[in-house]
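Step one of this worksheet: look at the structure below.
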Amino acid sequence: MIPFERAWPYDIIMKDVYVSSCPFCHKDNVLLPLRPKELDHIRSGSKKLLVFPCCHSRVTVVDADQDYLLTDTKLRQA
């Protein structure tokens, strides 16, 4: 089972990856420095360091599905 407290939802809009809000500073509509092709690499087993551009907080993305990024960091309270 995927630990929900380590997952964060994302959207792909016109080949850009967005989150509706930053889990750290709570800024709305954050454009992530990820491309949809990188998500395919993550799904196949690669890890990716993700730095949020709004507050420079860092997480490692270890997996992704069509809706959520799974990270190594707890992003919400269970």
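Worth knowing before you read on, the calculation uses all heavy atoms, side chains too, and leaves out hydrogens, waters and symmetry mates. For the single chain, residues carry numbers from 1 onward in sequence order.
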Residues L50, T71; criterion side chain to side chain contact (heavy atoms under 4.5 Å, CB included); working and verdict: CA-CA 9 Å; L50 174 63; T71 68; over 6 Å; no
Sequence neighbours excluded - side-chain hydrogen bond (donor to acceptor under 3.5 Å, both in side chains) pairs with any residue from residues 37-56: Y10-R43, E38-K48, D40-R43
ILVMFWY network linking V61 to L70, side-chain heavy atoms under 4.5 angstrom: no
Side-chain touch V59/L69, heavy atoms, less than 4.5 angstrom: no
ILVMFWY network linking I12 to F52, side-chain heavy atoms under 4.5 angstrom: yes
Verify same cluster id: V17, L75 (apolar side-chain graph, 4.5 Å): yes
ILVMFWY network linking M14 to L31, side-chain heavy atoms under 4.5 angstrom: yes
Distance (rounded to the nearest 0.5 Å) between I42 CD1 and D65 CG: 11.5 Å
Straight-line distance of R76 CZ to E5 CD, nearest 0.5 Å: 9.0 Å
Gap separating the OG1 atom of T73 from the CZ atom of F24, nearest 0.5 angstrom: 6.0 Å
Matching residue for V30 among C25, C22, P23, C55 - test: side chain to side chain contact (heavy atoms under 4.5 Å, CB included): C22
Where at least one partner belongs to residues 21-35, residue pairs that pass side-chain hydrogen bond (donor to acceptor under 3.5 Å, both in side chains), sequence neighbours excluded: D16-R35
N/O donor-acceptor pair under 3.5 Å between D72 side chain and T60 backbone: yes
